[in-house]
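Order of the sequence lines sets the chain letters (A, B, ...), proteins ahead of strands, with each chain counted from 1.
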Protein chains: 2
Amino acid sequence: MFYIQIDFNSDEALYMQLRNQIIYGLANDVIHEGDSLPSVRQLADTIGINMHTVNKAYAVLRQEGFVKLDRRRGAVISVDADKMQAVKDLYSDLSVVLAKASCKGVSRSEIHDVVDKILNSYEEEDGQTDAV
Amino acid sequence: MFYIQIDFNSDEALYMQLRNQIIYGLANDVIHEGDSLPSVRQLADTIGINMHTVNKAYAVLRQEGFVKLDRRRGAVISVDADKMQAVKDLYSDLSVVLAKASCKGVSRSEIHDVVDKILNSYEEEDGQTDAV
DNA sequence: ATAGTGTTCTATCAAATATAGAACAAGTAT
DNA sequence: ATACTTGTTCTATATTTGATAGAACACTAT
């Protein structure tokens, strides 16, 4: 298990890196709805971090509506697609980022190009690899 | 002085809130190239935080190429528009945000709409207010 | 000279991060 | 039933970050 890359020299918190990696996996169709994530202990052992750090990442993902907890199957991918909330979150997440880019002279069309480039990268990835 | 709003109950660091507010001011044309920012001590006193916290925000803004230090005028807005770097930064800043939105079912066109909505809000603001 | 720039140094306190070990209720496997 | 695994919760500790504070420095403006 599996594709997750953790950078121990990063200034980003380990549990946040882990959360992000799982979201990337979802966006790139490497992880799918209904998949079981490894147990907190197992994943912690695999990537060499503490159980509680993985648990925190899972708790965040649950809070954000990406996983649900099935007592028999552990943490299961179950995306709660609250569209209204998602658009709200997107708006606040983008505001600072776009302001910064705009100040730096990145044009509207260039911003749209970057967005498309990122979105296209999801579809180019093959989603058939059984990663978990 | 002036439009800056700090939320002491936010989980976001004060110096980062301050940095963001100044970038918002730039994007919304409330602060302009060549404007002097208040001194670290003065701004700290105005918004009720420590001098070193303001200094850290200024240091970050300098590091990111938004202000330069003029010994006679203090911190002066001077946007170093390194387009290549700005697009790179935009790309990495957007990757997690867009992955999250994409997982939540926000479509490509909806994302572009949010981007345009944010960018349009900059142009709607009048930039004639002498804020500093 | 006096006062004001940003900056740098030490210091302290609170909070966040990561680690560790132990235990719990619930479910699975044998 | 027994043993094991699931996420979760509790206490505890070490490290780092964020925010505060006071002092001082080199430089500039008046």
Side-chain angles (χ1 to χ4, degrees), chain A residues 1 4-22 31 34-78 80 96 132, chain B residues 1-2 4-22 31 34-80 96 132:
Chain A
M1 173 37 165
I4 288 186
Q5 296 292 339
I6 299 294
D7 178 11
F8 290 93
N9 295 327
S10 171
D11 56 336
E12 198 170 28
L14 296 182
Y15 78 94
M16 263 305 183
Q17 290 187 48
L18 184 50
R19 182 210 85 134
N20 291 344
Q21 293 284 320
I22 291 173
I31 313 179
D35 283 349
S36 290
L37 292 176
S39 77
V40 288
R41 291 170 180 84
Q42 183 181 334
L43 183 52
D45 192 56
T46 305
I47 59 187
I49 62 177
N50 192 273
M51 179 198 80
H52 299 91
T53 307
V54 178
N55 191 56
K56 185 162 185 179
Y58 281 14
V60 170
L61 287 168
R62 196 205 60 192
Q63 162 71 21
E64 295 179 324
F66 286 107
V67 305
K68 278 183 180 168
L69 300 192
D70 190 333
R71 267 292 177 196
R72 350 170 211 183
R73 303 181 51 211
V76 179
I77 298 293
S78 170
D80 170 36
V96 205
V132 187
Chain B
M1 169 38 169
F2 48 99
I4 288 186
Q5 296 292 338
I6 299 295
D7 177 12
F8 290 93
N9 295 325
S10 171
D11 56 336
E12 198 170 27
L14 297 181
Y15 77 94
M16 264 302 182
Q17 290 187 50
L18 184 49
R19 181 209 86 134
N20 291 343
Q21 292 285 319
I22 290 173
I31 313 179
D35 283 351
S36 290
L37 292 176
S39 77
V40 289
R41 291 169 178 84
Q42 184 181 334
L43 183 52
D45 192 56
T46 304
I47 59 188
I49 63 177
N50 192 273
M51 179 198 79
H52 298 91
T53 306
V54 178
N55 191 56
K56 185 162 185 178
Y58 281 14
V60 170
L61 287 168
R62 195 206 59 192
Q63 162 71 22
E64 295 179 323
F66 286 107
V67 305
K68 277 182 180 167
L69 300 192
D70 191 332
R71 268 293 177 196
R72 343 162 219 189
R73 302 181 52 210
V76 179
I77 298 291
S78 169
V79 180
D80 169 36
V96 205
V132 187

Practice task
Find the distance L37(A):CG to dG7(D):P and express it as a whole number of Å.
Solution key: 9 Å
Practice task
Would you tell me if any nitrogen or oxygen in the side chain of K56(A) comes within less than 4.0 Å of OP1 or OP2 on dA18(C)?
Solution key: no
Handout entry: Protein-nucleotide distance (N9(A), atom CG; dT16(D), atom P), rounded to Å
Key = 13 Å
Practice task
Heavy atoms only: give me the nearest S78(B)-K68(B) pair and the separation to one decimal.
Solution key: OG-CD, 3.6 Å
Practice task
Calculate the interatomic distance between I47(B) atom CD1 and dA19(D) atom P; express it in whole Å.
Solution key: 11 Å
Practice task
Rounded to the nearest 0.5 Å, what's the gap from CD1 on I47(B) to CD on Q42(B)? Could you check?
Solution key: 11.0 Å
Practice task
Could you tell me whether the phosphate oxygens of dT8(D), OP1 or OP2, come under 4.0 Å of any side-chain nitrogen or oxygen in N55(A)?
Solution key: yes
Practice task
State, yes or no, whether a side-chain contact exists between L61(B) and I77(B) at a heavy-atom distance under 4.5 Å.
Solution key: no
Problem - N/O donor-acceptor pair, side chain H52(B) with base dG18(D), under 3.5 angstrom - result: no
Practice task
Look at T53(A) and dT17(C) and indicate whether a side-chain polar atom (N or O) is within less than 4.0 Å of OP1 or OP2.
Solution key: no
Exercise for the section: Starting at atom CG of L14(B), determine the distance to atom P of dT17(D), rounded to an integer number of angstrom. Expected result: 17 Å
Handout entry: Distance test, side-chain N/O of Q42(A) to OP1/OP2 of dT5(D), below 4.0 Å
Key = no
Handout entry: Closest-nucleotide ordering on DNA chain D, the 5'-leading residue of R41(B) and N50(B)
Key = N50(B)
Practice task
Ignoring backbone atoms, test whether Y15(B) places a side-chain nitrogen or oxygen under 4.0 Å from the OP1 or OP2 oxygen of dA19(D).
Solution key: no
Problem - Close side-chain approach of V60(A) to Y15(A), heavy-atom, < 4.5 Å - result: yes
Handout entry: Contact under 4.0 Å: R62(B) side-chain N or O vs dT7(C) OP1/OP2
Key = yes
Exercise for the section: Starting from P on dT20(D), measure out to CG on L18(B) and report it in whole angstrom. Expected result: 11 Å
Handout entry: E12(B) CD to dA16(C) C1', straight-line distance once rounded to whole Å
Key = 15 Å
Completion exercise
Assign each of M16(A) and M51(A) the nucleotide of DNA chain C bearing its closest heavy atom; nearer the 5' end lies the nucleotide of M16(A)
Handout entry: Gap between atoms CG and C1', on L69(A) and dT9(D) respectively (whole Å)
Key = 14 Å
Handout entry: Gap between atoms CG and P, on L43(B) and dT5(C) respectively (whole Å)
Key = 11 Å
Handout entry: Distance, nearest 0.5 Å, that separates CZ of R62(B) from CG of D80(B)
Key = 12.5 Å
